[in-house]
Chemist: 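Sending over a structure as structure tokens; questions will come in a sec.
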Amino acid sequence: MSRSEDPNTPLPRMAKDAALQWAKDYTAYMARLTDVDLLPDTAKVNWEACIGENDEVADDGRYSLFYYVYSPAPATEHTRIVRKLRSELPEQGYEMTSYREFKSAYASAVFRARNKKNDYSVEADTVGSGKTRPQRFSFAVRTPCMLPPGAKQQQF
């Protein structure tokens with residue numbers, strides 16, 4: 001949801017295919033920045049409905065995208081990865097919202113940040129328990145609620 005208190009504030013507009021391309025490009029950028037590989041076959045695309053403050057769901061085509069992809073980077077690299085993101089992404093307008101360095105499978109690495117200008121968010125963290133699932137590193141992005149070009153924004 002937009003930071004604005006007015007539920008009818010114009011939403012940013014972007015076609016779904018452009019949003020997906022941005023998500024792929026930005027997760028790849030984070031991987032390059034931290035010098036790790038990605039596992040493209042693990043990528044997941046989740047188109048989500050935008051839910052308003054009072055549980056409203058519009059039928060005007062608005063959406064949010066949550067996209068993630070794993071890296072095979074070993075747990076011994078996870079602290080280095082989140083440290084690098086913590087040092088680099090603020091220069092691009094991202095404000096860190098959560099951070100933890102890797103300590104164990106129960107206190108794993110976490111980096112979360114939100115872009116102050118456009119409300120995009122990024123996440124990078126350890127996934128998998130290490131006991132029943134292999135530990136990997138995940139790069140994820142989430143768009144704010146967006147409207148496809150040409151769609152008429154529903155008013156509430």
Chemist: Could you tell me whether the side chain of Met146 reaches within less than 4.5 Å of the side chain of Thr143, counting heavy atoms only?
Modeler: yes

Chemist: For the residue pair Phe156 and Glu53, establish whether any side-chain heavy-atom pair is separated by less than 4.5 Å.
Modeler: no

Chemist: I'd like to know if Arg114 pairs up with Glu95 as an ion pair, taking the criterion as any Lys NZ or Arg NE/NH1/NH2 lying under 4.0 Å from an Asp or Glu carboxylate oxygen.
Modeler: no

Chemist: Take Tyr120 and Trp22 through the ring pair (Phe, Tyr, Trp, His ring centres under 6.0 Å) test and state the conclusion after the steps.
Modeler: CA-CA 11 Å; Tyr120 283 58; Trp22 171 81; 4.4 Å; yes

Chemist: If you look at every heavy atom in Cys50 and Ser64, which pair is closest and at what distance?
Modeler: SG-N, 3.9 Å

Chemist: Please round to the nearest 0.5 Å and tell me the distance separating atom CG of Asn54 and atom CD1 of Ile51.
Modeler: 12.0 Å

Chemist: Do we see a donor-acceptor contact under 3.5 Å between the side chains of Asp25 and Gln21?
Modeler: yes

Chemist: With sequence neighbours excluded, give me every side-chain hydrogen bond (donor to acceptor under 3.5 Å, both in side chains) pair touching residues 146-156.
Modeler: none

Chemist: Under 3.5 Å, is there a donor-acceptor pair between the side chain of Ser71 and the main chain of Asp37?
Modeler: yes

Chemist: Looking at NZ of Lys44 and OH of Tyr67, how far apart are the two atoms once the value is rounded to the nearest 0.5 Å?
Modeler: 10.5 Å

Chemist: Could you tell me whether a side-chain N or O of Arg142 sits under 3.5 Å from a main-chain N or O of Leu65, the two making a donor and an acceptor?
Modeler: no

Chemist: Taking all heavy atoms of Asn118 and all of Asn115, pick out the closest pair and write down the distance.
Modeler: OD1-CB, 3.0 Å

Chemist: Check whether Thr27 reaches the backbone of Phe139 with its side chain - one donor and one acceptor, N or O, closer than 3.5 Å.
Modeler: no

Chemist: Check for a donor-acceptor pair, side chain of Thr42 on one end and backbone N or O of Tyr70 on the other, with a separation under 3.5 Å.
Modeler: yes

Chemist: Rounded at 0.5 Å granularity, tell me how far OG1 in Thr79 sits from NZ in Lys103.
Modeler: 7.0 Å

Chemist: Roughly how far, to the nearest 0.5 Å, is the OG atom of Ser138 from the CG atom of Asp125?
Modeler: 5.5 Å

Chemist: Once salt bridge (Lys or Arg N to Asp or Glu O under 4.0 Å) is applied, do any residues pair with Arg62, and if so which ones, sequence neighbours excluded?
Modeler: Asp60

Chemist: Consider only side-chain heavy atoms of I, L, V, M, F, W and Y, link residues closer than 4.5 Å, and tell whether Leu147 and Tyr63 are in one cluster.
Modeler: no

Chemist: Kindly indicate whether the side chain of Phe111, heavy atoms from C-beta on, has any atom under 4.5 Å from the side chain of Met30.
Modeler: no

Chemist: Is Tyr68 close to Val127 at the side-chain level, that is, under 4.5 Å between some pair of heavy atoms?
Modeler: no

Chemist: For residues Ser108 and Thr126, report the shortest heavy-atom separation together with the two atoms involved.
Modeler: CB-CB, 3.3 Å

Chemist: So, Thr97 side chain and Arg112 main chain: donor-acceptor pair closer than 3.5 Å or not?
Modeler: yes

Chemist: Considering all heavy atoms of both residues, which atom of Met14 and which atom of Pro149 are nearest to each other, and what is their separation?
Modeler: C-CD, 3.6 Å

Chemist: Decide if the gap between the ring center of Phe66 and the ring center of Trp47 is smaller than 6.0 angstrom.
Modeler: no

Chemist: Report whether Leu20 and Leu38 are members of the same hydrophobic cluster (ILVMFWY, side-chain heavy atoms less than 4.5 Å apart, transitive linking).
Modeler: yes

Chemist: Is there a side-chain contact (heavy atoms from CB on, under 4.5 Å) between Val82 and Val110? Walk through the geometry before answering.
Modeler: CA-CA 7 Å; Val82 295; Val110 174; over 6 Å; no

Chemist: Among pairs that include at least one residue of residues 74-94, which meet ring-ring contact (aromatic ring centres under 6.0 Å, His included), considering only residues two or more places apart or in two chains?
Modeler: Tyr26-Tyr94, His78-Phe102, His78-Phe137

Chemist: Identify the two heavy atoms, one from Ala73 and one from Ile81, that lie closest to each other, and give their separation to 0.1 Å.
Modeler: CB-CD1, 3.8 Å

Chemist: Under a 4.0 Å threshold between the charged nitrogen and the carboxylate oxygen, would Asp35 count as salt-bridged to Arg80?
Modeler: no

Chemist: What are the two closest non-hydrogen atoms of Pro72 and Leu39, and how far apart are they?
Modeler: CD-CG, 3.7 Å

